[in-house]
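Before any comments, here is the structure.
So that the names make sense, note that chain A is the first sequence line, chain B the second, and so on, each numbered from 1.
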Amino acid sequence: MRIVKLIALVLLVAFVGIQFVPTKRNQSEIVPKTDFLLVNNSPKNISTLLQTSCYDCHSNNTNYPWYNKIQPVTWFLEHHITDGKDELNFNEWENYSNRRKNSKLKSIINQIKDDEMPLWSYTLVHQNASLSESEKTLVIDYMEQIKDSLQ
Amino acid sequence: MQNISINLKQNEMNFSKKNHEHKNNNKKVVSKKVKLTTTIMVMAFVSLTAMSCKDGKKEESKDTMHSEMNHDESMDHDNMSASNDKMDSNAQNSDAKQVLADYMVLKDALVATEKDEAAKAGKKLESTLKGFDVSSYTAEEQKELKDIIADAIEHAEHIGQSEMDHQREHFKTLSKDIIDMVAITGTDNTLYQQFCPMYDKGSAWLSMNEDIKNPYYGSKMLTCGKVQKEIN
């Protein structure tokens, strides 16, 4: 029993300890002029969908729920956000060339179609971020439309 | 952390032995235990703080290394552009040649429906693209090439990590990038631009051989497609 208690104590200390490890927060008040929704003057329904389902990891501003401020959840998230922004940052949209926009749009469409995005681990905790079939069609059609307008 | 918990267990065992041996000395043991617990807490906290500090330092040193590397690279570029000016401008850039060679390995892996081989070829192509030196081209060509390369790197990277169907999806866009690249760099060998009308509303690829071997379907539809263009 004493061993269990001691291990529990050490774990508790470790848990408290890691709360002091500094992390980068992905938060920004400014929406740059290069933002996807601004540039394309997207309708309200599309904006809302993208902001709830994509922008947490694919923009410079994450809407953190309270439990995401606790370690080790924050580490797990930080990694996801860095990767996500690396692949696609909606805030930087207008900085991409037409060639790259085209590639990104293709990937967006394919990933939504195949249910690979939003990530299941993300929708697990963000129920409202998962896209219904009709929402999927809405977003995909919109992305197709933008893709066609590029050519 | 593991070490600490192992030590703990040992200490615990020692304690229980002592407990049995000196039942009279209970008070002493209790005070020792308090000491031990405090020590452990302090140790755990210190080691965690140390760990987090170390992480920070690591990042710093990585950054400095990075900037040094960039520095070296840019120096290399200068040297190379100087030597490139002296070279025959008609000869295809060796980087472009290597990109095409890697691309062909990838294409053949997709024809054979070999996922692992394709992934390997994708990674190889990615690293060749990352080292592509565009300094021998005109400013306008450089801009276009850089754009093509940035896009192609992403597709090659994904091919290195994905399943077959994704690899083929990315190969389609990658092929367009490489075709556009060849339009700028030219080619020493004759290339055949081939076209499969069935895959994703029609998709092109490049081959060294005139015979059709379809990378989008592999053995399922090996000879489906036609030669669209001969590139010399």
Within 6.0 Å of CD in A:Gln27, more than 12 heavy atoms from elsewhere: yes
Distance (rounded to the nearest 0.5 Å) between A:Arg100 CZ and B:Asp177 CG: 10.0 Å
Approximate separation, where rounding is to 0.5 Å, of B:Lys146 NZ and A:Ser97 OG: 13.0 Å
salt_bridge(B:Asp151, A:Arg99) N-O dist < 4.0 Å: no
Spacing of A:Ser107 atom OG and B:His155 atom NE2 [to the nearest 0.5 Å]: 6.5 Å
CD1/A:Ile30: more than 12 non-hydrogen atoms of other groups inside 6.0 Å: no
Taking distance alone, no hydrogens or angles, what donor-acceptor pairs closer than 3.5 Å link side-chain atoms of residues 112-121 of chain B to residues at least two apart or in another chain?
unit_1	atom_1	unit_2	atom_2	d
B:Thr113	OG1	B:Arg168	NH2	3.2

Which pairs would a plain distance check flag for residues 195-202 of chain B, meaning a side-chain donor or acceptor within less than 3.5 Å of a matching protein atom at least two apart in sequence or in another chain?
unit_1	atom_1	unit_2	atom_2	d
B:Tyr199	OH	B:Glu169	N	3.3
B:Asp200	OD2	B:Lys172	NZ	3.3

Cut-off 3.5 Å, no hydrogens considered: what does the side-chain donor-acceptor table look like for residues 57-64 of chain A, sequence neighbours left out?
unit_1	atom_1	unit_2	atom_2	d
A:His58	ND1	A:Gly84	O	2.9
A:His58	ND1	A:Leu88	O	2.9
A:Ser59	OG	A:Tyr55	O	2.8
A:Ser59	OG	A:Asn61	N	3.1
A:Ser59	OG	A:Asn61	O	3.3
A:Asn60	OD1	A:Lys85	NZ	3.4
A:Asn60	OD1	A:Asn89	ND2	2.9
A:Asn61	OD1	A:Ser28	N	3.3
A:Thr62	OG1	A:Asn26	ND2	2.7
A:Thr62	OG1	A:Asp56	O	2.7
A:Tyr64	OH	A:Asn26	N	2.9

Chain B-proximal positions within residues 109-138 of chain A [heavy-atom distance under 4.5 Å]: A:Asn110, A:Asp114, A:Glu116
